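Structure first, then comments.
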Amino acid sequence: MHDAKALRVGARDDTLLAAYLIDPGRAEYALDDLAAEYGLEVVPEPAADDETAALVRRAAAPARLVAPMLDRVRERGSERLYREIELPLTGVLAAMEAAGVKIDEYRMGEITARLADRIEELEAKAYELAGEEFVLGSTQQVARILFEKLALTPGRKGKTGYSTDTRVLRTIRHEHELVGVIEEWRELSKLVNTYLGPLPSLISPADGRLHTTFNQTVASTGRLSTTNPNLQAIPIRTELGREIRSAFVAEDGWRLVSADYSQVELRILAHVSGEPVLKEAFARNEDIHARTAAEVLGKEQATLTKDERNVAKMVNFGIIYGISAFGLSENLEIPREQAQEYIDRYLARFPHVQDFIERTIEQAARDGYVTTLLGRRRPVPEIRASNRQTRALGERLAVNSVMQGTAADVIKVAMIRIHERLRAEGRGARLVLQVHDELLLEVPQTETTGVAELVREEMCGAYPLDPALAVDVGYGDDWNAAKG
DNA sequence: CACTAGTGCAA
DNA sequence: TATTGCACTAGTG
């Protein structure tokens, strides 16, 4: 296990990174294609779980592939991205993996014990209310009980029958007591089965810490991902979720520093579109969702309700994701016409955003790809599909990739500079996690404020955005406290 | 044991 | 029929 990890870190290689910049959707295959083109033998793809074989295969990419691949990276205008960002980032990620993060096992055990009791109660209660025993984790059986036996109001359908997801259950919660029992069982069993159970068992006996794996060539937008465990999906939204997060702790005498970019994708949108209203809102440090609501609904910010602000928040998410009236209507649970109305009003109030979206789509259709501010290219073949839905997907991917990809570029620059400055200044502090727009560091207590300031500087200065990048920094004894 | 569908966690 | 990921359980072959 430890050997495999060490090997994996050592085997990160420049050809795979180059392949990732050439075709981020399928780096492994792009590497194979090129190898075949040069008449080189391709080691067969290993079984999905054979980590060692996968490493050998990667390491087997011969040196003579490097030059032709770099030529292609250069042709694509991504050479600086390669040399100045992706390549140096590899060492930063290796150090972060090696550092790991500390978990308070005892705290997690306490929560688990509490939830295990409650889950048992809920199961007994569910069988009693259903009048029979059934497998609560089976969507088929839950659907049979709710919609056939109890004849509750069915919602959407999937390929195999009625959906029983969170939103459907929320809608019929009032119809039968069993629904609430299932909802609570789902929440608790999710947390126990995905986090509270597995995480402690993944603690390294060597240093008592949890070591994730950062994947640098997986996400098609340029983002990182983490696996085994996926530390980029630790709960935070519910009270129980925050309890779990608070079991991620600093060593004695150390603190956790959390720094996250504020509205980074919307700021990037403001920059690339040049939209004056958006830029002005950020310059004034306004609540961006409230400002959007005021613009779209034609009201004073001070008079907005929470629901109105939430509508605007969803519209902003929609813009980032590549908006569609259908998607917005699904998310807000409103009629499609109403959703279209919100979109129309938004685009009328932010005309430069509308221009940006149109330009980006035209560019993607013409070139077959879009490019981030730092020169990362994402191919969008979907945009030329004959199928209308696929084409619409391509349009959303094109728009989203510019913002999500630029945000990924920017935080990678910050990581490299922070890592280097910590070293140069002889700090004990170290990066431990990256969660897309957030960096988590473990810092000797005495260095806390100094490092917090260093991190803010490097994150804000990573790219000269207009409006400027903004960062929220906090610290504490655990991850939850550090974000507070 | 490999695979898919459904579900849900994060940004 | 909103973007990017990873992981779990049930169910199938």
Side-chain angles (χ1 to χ4, degrees), chain A residues 24-25 47-49 134-143 156-169 182-183 185-199 202 212-215 217-238 240-241 244-245 260-265 314-332 336 339-340 343 378 380 382 387-405 407-408 411 433-439 479 483:
Chain A
D49 63 342
F134 63 104
V135 179
L136 271 155
S138 163
T139 51
Q140 282 180 32
Q141 294 184 43
V142 168
R156 305 185 313 283
K157 278 194 279 193
K159 290 178 180 176
T160 56
Y162 293 117
S163 169
T164 68
D165 72 17
T166 305
R167 288 173 53 191
V168 170
L169 295 189
I182 294 171
E183 286 181 294
W185 183 90
R186 285 246 179 105
E187 183 193 355
L188 302 194
S189 59
K190 170 79 178 180
L191 297 178
V192 168
N193 292 332
T194 307
Y195 304 102
L196 294 164
L199 292 183
L202 289 169
T212 188
T213 299
F214 286 96
N215 308 115
T217 58
V218 167
S220 47
T221 52
R223 275 187 172 190
L224 300 174
S225 73
T226 60
T227 52
N228 188 30
N230 178 10
L231 293 187
Q232 290 179 324
I234 299 303
I236 193 171
R237 292 177 191 186
T238 66
L240 252 176
I244 292 173
R245 194 167 273 235
D260 63 278
Y261 281 117
S262 169
Q263 302 296 348
V264 62
E265 287 171 352
M314 288 297 130
V315 171
N316 279 329
F317 271 112
I319 294 291
I320 290 166
Y321 293 156
I323 201 157
S324 76
F326 191 96
L328 185 61
S329 72
E330 279 289 297
N331 262 280
L332 285 173
R336 207 152 50 255
Q340 188 62 55
I343 294 170
R378 171 166 190 184
V380 192
E382 294 89 348
N387 180 292
R388 190 168 43 82
Q389 284 192 30
T390 306
R391 223 162 41 236
L393 172 65
E395 295 175 359
R396 296 195 298 275
L397 298 180
V399 172
N400 172 260
S401 295
V402 174
M403 290 174 281
Q404 196 178 115
I411 197 167
L433 288 178
Q434 186 253 44
V435 191
H436 310 305
D437 65 358
E438 173 190 8
L439 296 177
W479 196 0
K483 282 188 80 74

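In this text, all values refer to a predicted model and were calculated from it rather than measured experimentally.
Rounded to a whole Å, the CZ atom of A:Phe317 is 13 Å from the C1' atom of C:dT4. At whole-Å resolution of the value, CD1 in A:Ile411 and C1' in C:dT4 are 14 Å apart. Across the protein-nucleic acid pair, A:Gln434 atom CD and B:dA10 atom P stand 17 Å apart, rounded to whole Å. A:Leu328 places its CG atom 15 Å from the C1' atom of C:dT3, with the value rounded to the nearest Å. For A:Leu169 and B:dG6, the CG to P distance is 15 Å, given to the nearest whole Å. Rounded to whole Å, atom P of B:dT7 lies 18 Å from atom CG of A:Leu191. When rounded to the nearest whole Å, the span between CZ of A:Phe214 and C1' of C:dG5 equals 13 Å. The CG-P distance, from A:Leu136 to B:dG6, rounds to 19 Å in whole Å.
Remark: the backbone N or O of A:Asn230 is not paired with any side-chain donor or acceptor of A:Thr212 at under 3.5 angstrom. Remark: the backbone N or O of A:Arg396 is not paired with any side-chain donor or acceptor of A:Asn400 at under 3.5 angstrom. Between the side chain of A:Asn215 and the main chain of A:Val218, no donor-acceptor pair closer than 3.5 Å is present. A:Ser163 places a side-chain N or O within donor-acceptor distance of the main-chain N or O of A:Asp165, the cut-off being under 3.5 Å. Under the 3.5 Å distance criterion, the side-chain polar atoms of A:Arg245 are matched with a main-chain donor or acceptor of A:Pro235.
Regarding contacts with the backbone of B:dA11, a side-chain N or O of A:Arg237 is found under 4.0 angstrom from either OP1 or OP2.
A:Ile234 comes within 4.0 angstrom of sugar-phosphate atoms only, judged by non-hydrogen atoms across all strands, and of no base. At the heavy-atom level, A:Asp165 lies under 4.0 Å from the strands shown only through sugar-phosphate atoms. Looking at heavy-atom distances under 4.0 Å, A:Ser329 makes no contact with the nucleic acid at all. A:Ile319 comes within contact range of no nucleotide atom at all, as no heavy-atom separation falls under 4.0 Å. Across all strands shown, A:Met403 has no heavy atoms under 4.0 Å from either base or sugar-phosphate atoms. Using a 4.0 Å heavy-atom cutoff across all strands shown, A:Arg186 reaches sugar-phosphate atoms only and no base atom. A:Ile236 comes within 4.0 angstrom of the backbone, heavy atoms only, and of no base. Among the atoms of the strands shown, only primed sugar atoms or phosphate atoms (P, OP1, OP2) are found under 4.0 Å from some heavy atom of A:Arg378. Residue-level contact check: A:Leu231 touches neither bases nor backbone, having no heavy atom under 4.0 Å from any strand. Contact annotation for A:Ser401: no contact, since no heavy-atom pair falls under 4.0 Å across all strands.
Note that CH2 of A:Trp479 and CD1 of A:Ile234 are 6.0 Å apart. Values are rounded to the nearest 0.5 Å. Here the OH-CD1 distance, from A:Tyr321 to A:Ile323, works out to 12.0 Å after rounding to the nearest 0.5 Å. Between the CD atom of A:Gln263 and the CG atom of A:Asp437 there is a distance of 9.0 Å, given to the nearest 0.5 Å.
Below the 3.5 angstrom threshold, one finds no donor paired with an acceptor across the side chain of A:Asp437 and the base of B:dA11. Remark: the A:Arg223 side chain and the C:dT4 base include a donor-acceptor N/O pair separated by less than 3.5 Å. Evaluation of atom-type donor-acceptor distances gives a pair under 3.5 Å for the side chain of A:Gln404 against the base of C:dT3.
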- Heavy-atom protein contacts under 4.0 Å, nucleotides 6-13 of chain C, coded B base, S sugar-phosphate only, - none: SSSSSS--
